[in-house]
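Remarks on the structure that follows.
Quick caveat: nothing in here was measured; it's all calculated off a predicted structure. A note on names: the letters A, B, ... follow the listed sequences, proteins ahead of strands, and every chain is numbered from 1. Basis for what follows: all heavy atoms, side chains included, without hydrogens, waters or symmetry-related copies.
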Number of protein chains: 2
Amino acid sequence: MKEKELRRSLAVLPIGTVMKLTDLTARQIRYYEAQQLIQPERNEGNRRMYSLNDIDRLLEIRDYLAEGVNIAGIKAIYEQQASAAQAKQENQEHPLTDDDVRRIMQDEFLRQGRLGQTRPGIQQRPL
Amino acid sequence: MKEKELRRSLAVLPIGTVMKLTDLTARQIRYYEAQQLIQPERNEGNRRMYSLNDIDRLLEIRDYLAEGVNIAGIKAIYEQQASAAQAKQENQEHPLTDDDVRRIMQDEFLRQGRLGQTRPGIQQRPL
DNA sequence: GACTGATGTCATATTTTCTAACATTTGTTA
DNA sequence: TAACAAATGTTAGAAAATATGACATCAGTC
């Protein structure tokens, strides 16, 4: 599946194509980028280039918005997914080092200090 | 597999992307089109738009040329493939009518008259 | 009623692509 | 060898697509 993943993440589509495939306006697409929901690449001439994965994500965003989820909410969902995925990967590739543990605990403390509670998306793996 | 075919034939890529994916110049890509080796679509603004199938074909063309096959040869190959595919489809969808038989026989005669022999690609199905 | 989030619209600049013409290169043929 | 054709390069000028930034709108919230 490595090959397919690579293809799906190749930035090959200009914004005009993305508009048609997603039924979003250029304004919307750029706004979602400004809100950090997507990070399209740029070509040598500074034009945004999108991958099939970007298309999927934009369709998702569109659906979330239609459901009434606001952009902050969507962002939170993606951040949660990202941290979960990262945790999974770290877990698979190498067992946690002492440094990892220290860093994770520090992160948790900082988060609690700021928000008053742990968010559901943060993976609380048993150490 | 219908869905995948559709996706692969969607014209979504501008020529700049195609250049990168195929390592061909715009000049070459347009020339092959002029020689009728590919038929990209055009968007509303008259810009050429290519599908993944177009990419595959361009890579094939590149390989044929590298092997020493000239454009006329490549064209012959594709025409042969097209007629074979068409014959197959016609064969599946409806058995040959008398008219089909007459037309096919006439085609064969014409070809022999011009070339002196039947080309290997022409499907000689038993009637 | 003021504010904010999401989007529309417009102006201006830059990049990309188009067509058409002429140039170059290489292999073939009279 | 000169001439020719096939494939590609290069250039010019026009049109289309995209970028950014500003201001406008509109709906929902405090």
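Going from atom CG of Leu24(B) over to atom P of dT17(C) covers 14 Å, rounded to whole Å. A straight line from CZ of Arg47(A) to P of dT15(C) spans 7 Å, rounded to a whole angstrom. Note: CG (Asn70(B)) to P (dT28(C)) measures 11 Å, nearest angstrom. We find that CD1 of Ile29(B) is positioned 16 Å from C1' of dT19(C), with the value rounded to whole Å. In this structure, Arg62(A) places its CZ atom 17 Å from P of dA6(C), rounding to the nearest Å. When the P atom of dT7(C) is taken as reference, atom CD of Glu33(A) falls 15 Å away, rounded to whole Å. At whole-Å resolution of the value, CE in Met19(B) and C1' in dT16(C) are 10 Å apart. Protein atom CD1 of Ile61(A) is 10 Å distant from nucleotide atom P of dT7(C), rounded to whole Å.
At a threshold of 4.0 angstrom between heavy atoms, the contacts of Arg30(B) include nucleobase atoms, whether or not backbone atoms are also involved.
Residue Tyr31(A) places none of its side-chain N or O atoms closer than 4.0 Å to OP1 or OP2 of dT7(C). Contact check, Arg42(A) against dT20(D): a side-chain N or O comes under 4.0 Å of OP1 or OP2.
Tyr32(B) and Met49(B) fall into different hydrophobic clusters, where Ile, Leu, Val, Met, Phe, Trp and Tyr side chains are chained together by heavy-atom contacts under 4.5 Å.
With hydrogens and angles ignored, no donor-acceptor pair under 3.5 angstrom links the side chain of Arg48(A) to the base of dT18(D).
Within 6.0 Å of the CD atom in Glu41(A), the count of heavy atoms belonging to other residues, nucleotides or ligands does not exceed 12.
Although no hydrogens or angles enter the test, the distance criterion places a donor-acceptor pair under 3.5 Å between the side chain of Asp54(B) and the main chain of Ser51(B).
Comparing Met49(A) and Arg27(A) by the nucleotide of DNA chain D whose heavy atom lies nearest to each, the residue mapping closer to the 5' end is Met49(A). Nearest-nucleotide positions on DNA chain D place Ala72(B) closer to the 5' end than the other of Asn43(B) and Ala72(B). Comparing Ala26(B) and Gly45(A) by the nucleotide of DNA chain C that holds the closest heavy atom to each, the one mapping nearer the 5' end is Gly45(A).
If you take CE on Met19(A) and CG on Leu24(A), they are separated by 9.0 Å, rounding to the nearest 0.5 Å. Rounded to the nearest 0.5 angstrom, Ile29(A) CD1 and Arg62(A) CZ are separated by 10.5 Å.
With distances taken from any side-chain atom of Ile15(A) to the nucleotides dT18(D), dT8(D), dG8(C), the minimum falls on dT18(D).
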